[in-house]
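First up is the structure itself, then whatever we jot down about it.
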Amino acid sequence: MSTVIVPPTVPSPSEDCEQLRAAFAGWGTNEKLIISIIGHRNAAQLKLIRNTYSELYGESLLKDLKEELSNDFESAVLLWTLDPAERDALLANQTIRRWDPKNLVLIEIACARSPKELLLVREAYHAHFKRSIEEDVAPHVDSGYRKLLVGLVSSYRYPGVEIDSDLAKKEAEILHDKIKGNAVNHEDVIRILTTRSKAQLSATFNHYKDSFGKSMDEDLKVDSTDEYLCALKAAIQCLVFPEKYFVDVLSKAINRLGTDEGALTRVVVTRAEVDMKQIKEEYLKVNDVGLDKAIVDDTSGDYRELLLTLIGHGDA
């Protein structure tokens, strides 16, 4: 469930644009005014604002925001203001260009988005970068990991809720056999995870736990140095337990050793309109402290205010 608080009566896009233009005027930038508008509009409303701003002033809102803002606040505002598919395409390209096998952003995009959303991301990537995600990914990974990652980013799963219980039981047995036989990169494992619907996979994983006493996630003994296994585990979590995956990302991003603002921004911005309410509930359960408080303690200034606004802090 979304935590973005849109006011009952929303000003017209032209009125929002006028206010944003006023926030940029003069010697200083009115960051509070920017947050009060951008932080309380959903993706469809922000698209109208971007288009109207261009029509009214002949300039790009994103370009003007970039010129007026800085640091983590700038990054968060720009990511939030982008169209979701364009945002994911940008995040995917950044991940590929700065390749690090421990960076699982591509897994997030491929597995935590709906089939339609992933298709729109792939189209946006084509439009912006004149290549496909899969052709850019392929050179960076070895054969087993490549088959999994390319299969995930190019998947178009059935989005419905119908399941085949017999198939779920059969494929639960296949997955169990491959895991116990240390053959987690077998083509059957990759086929099941890259082609089945999320509802079918959820049924399969439930059969796995009922039949073998442990979840598939528990049976996967992950060595942090094994890139394929880390990606496989992340894919399973993102496909059927996304809130648990994102809580883990947030818990690692907000810690005593320092804050990973990139990861924190990405999760808040990409999940605020999707399932941030569930993520907040799970975060409290796991960490015994609310996400709101964790953000207050680890961030500051306008960056903190925007994050708190997007996660619905105090129903602001």
Side-chain angles (χ1 to χ4, degrees), residues 1-2 84-85 88-89 91-92 104-126 132-134 137 144-179 183-212 214-220 228-249 270-271 273-279 282:
M1 187 180 293
S2 173
D88 278 346
L91 289 170
L104 299 172
V105 172
L106 286 173
I107 298 290
E108 292 177 16
I109 294 170
C111 300
R113 310 306 188 249
S114 72
K116 180 64 174 177
E117 287 167 345
L118 180 56
L119 182 61
L120 291 174
V121 174
R122 294 174 63 200
E123 290 174 350
Y125 198 98
H126 291 166
S132 69
I133 298 177
E134 47 267 42
V137 163
Y145 192 179
R146 183 184 303 127
K147 287 178 183 177
L148 175 66
L149 197 49
V150 169
L152 290 172
V153 299
S154 59
S155 176
Y156 188 64
R157 303 173 192 276
Y158 173 62
V161 297
E162 298 86 354
I163 63 165
D164 182 332
S165 293
D166 291 337
L167 179 64
K169 184 176 181 181
K170 177 184 175 182
E171 293 191 332
E173 292 172 354
I174 291 173
L175 291 170
H176 183 262
D177 288 346
K178 300 309 177 189
I179 290 173
V184 290
N185 60 351
H186 190 276
E187 61 182 18
D188 281 343
V189 176
I190 295 173
R191 173 185 58 79
I192 292 167
L193 292 180
T194 59
T195 63
R196 298 302 184 205
S197 72
K198 292 186 179 183
Q200 185 66 35
L201 285 172
S202 182
T204 298
F205 297 155
N206 285 338
H207 271 293
Y208 189 108
K209 186 169 185 177
D210 291 344
S211 299
F212 306 111
K214 282 187 178 181
S215 69
M216 182 175 169
D217 193 46
E218 289 173 314
D219 268 349
L220 281 171
Y228 176 84
L229 271 178
C230 289
L232 186 68
K233 195 175 179 79
I236 292 167
Q237 291 181 330
C238 284
L239 284 165
V240 293
F241 312 113
E243 66 280 0
K244 293 184 179 180
Y245 170 84
F246 286 112
V247 165
D248 186 52
V249 174
T270 60
R271 307 312 291 183
E273 274 199 273
V274 183
D275 54 2
M276 183 52 71
K277 190 171 188 292
Q278 294 93 320
I279 289 171
E282 183 70 17

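Just so it is clear, the structure is predicted and the values come from calculations on it, not from any experiment. In what follows, residues are counted from 1 in the order of the sequence shown.
- Contact annotation: the side chain of T270 approaches that of L91 to within less than 4.5 Å [non-hydrogen atoms, C-beta and beyond].
- Here the shortest heavy-atom pairing between A124 and A85 reads CB-O, 3.8 Å.
- Counting only heavy atoms from C-beta outward, the side chains of L149 and I107 approach each other to under 4.5 Å.
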| request: For K178 and V184, run side chain to side chain contact (heavy atoms under 4.5 Å, CB included): C-alpha distance rounded to whole Å, both residues' side-chain angles, the deciding distance at 0.1 Å, then the answer. | output: CA-CA 6 Å; K178 300 309 177 189; V184 290; 5.8 Å; no
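- Two residues are said to be in side-chain contact when any heavy atoms from C-beta on lie closer than 4.5 Å; K116 and P159 fail this criterion.
- Residues I133 and V121 meet the side-chain proximity criterion, which asks for heavy atoms closer than 4.5 Å.
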| request: Just do the side chain to side chain contact (heavy atoms under 4.5 Å, CB included) check on M216 and F212 with the steps written out, would you? | output: CA-CA 9 Å; M216 182 175 169; F212 306 111; over 6 Å; no
| request: Report the C-alpha separation of V189 and L232 in whole Å, then their side-chain angles, then the decisive distance to 0.1 Å, and conclude whether the side chain to side chain contact (heavy atoms under 4.5 Å, CB included) test is met. | output: CA-CA 10 Å; V189 176; L232 186 68; 4.2 Å; yes
| request: Walk me through it: do D219 and Y208 pass the test side-chain hydrogen bond (donor to acceptor under 3.5 Å, both in side chains)? | output: CA-CA 10 Å; D219 268 349; Y208 189 108; 2.7 Å; yes
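- In this structure, S2 and E273 approach most closely via the heavy-atom pair OG-CA, 3.6 Å.
- Nearest heavy atoms, A203 versus I163: CB-CD1, 3.7 Å.
- Judged by a 6.0 Å distance limit and a 45° cone about the ring axis, K244 is positioned over the six-membered ring of F241.
- Judged by distance alone, with hydrogens and angles left aside, the side-chain atoms of E243 form no donor-acceptor pair with the main-chain N or O of E282 at under 3.5 Å.
- Under a 4.0 Å N-O distance rule, the pair E171/R191 qualifies as a salt bridge.
- Summarising the geometry, atom CG belonging to D88 is positioned 12.5 Å from atom OH belonging to Y125; distances are rounded to the nearest 0.5 Å.
- No donor-acceptor pair under 3.5 Å is formed between the side chain of K233 and the backbone N or O of E218.
- Residues Y145 and N185 have side chains that never bring a donor and an acceptor to within less than 3.5 angstrom of each other.
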| request: Apply side chain to side chain contact (heavy atoms under 4.5 Å, CB included) to M1 and D275, showing your working. | output: CA-CA 4 Å; M1 187 180 293; D275 54 2; over 6 Å; no
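- Here OG1 of T204 is found 11.5 Å from CG of L239. Values are rounded to the nearest 0.5 Å.
- Note: E123 CD to L118 CG = 10.0 Å, rounded to the nearest 0.5 Å.
- Of the charged side-chain nitrogens involved, none lies within less than 4.0 Å of a carboxylate oxygen, so that E108 and R113 do not count as a salt-bridged pair.
- Going from atom CZ of R146 over to atom CG of L148 covers 12.0 Å, rounded to the nearest 0.5 Å.
- In this structure, K147 NZ and Y228 OH are separated by 9.5 Å, a value rounded to the nearest 0.5 Å.
- For the pair I109 and V105, the minimum side-chain heavy-atom distance is below 4.5 Å.
- The minimum heavy-atom distance between I236 and L220, with the atom names listed, is CD1-CD1, 3.5 Å.
- A112 and R271 get closest at one heavy-atom pair: O-NH1, 3.5 Å.
- Taken from OG in S155 to CZ in R196, the straight-line distance is 11.0 Å, to the nearest 0.5 Å.
- A donor-acceptor pair is defined here as one N or O able to donate and one able to accept, closer than 3.5 Å; such a pair exists between the side chain of R122 and the backbone of S154.
- Of all non-hydrogen atoms in H207 and S165, the two that sit nearest each other are NE2-O, 3.6 Å.
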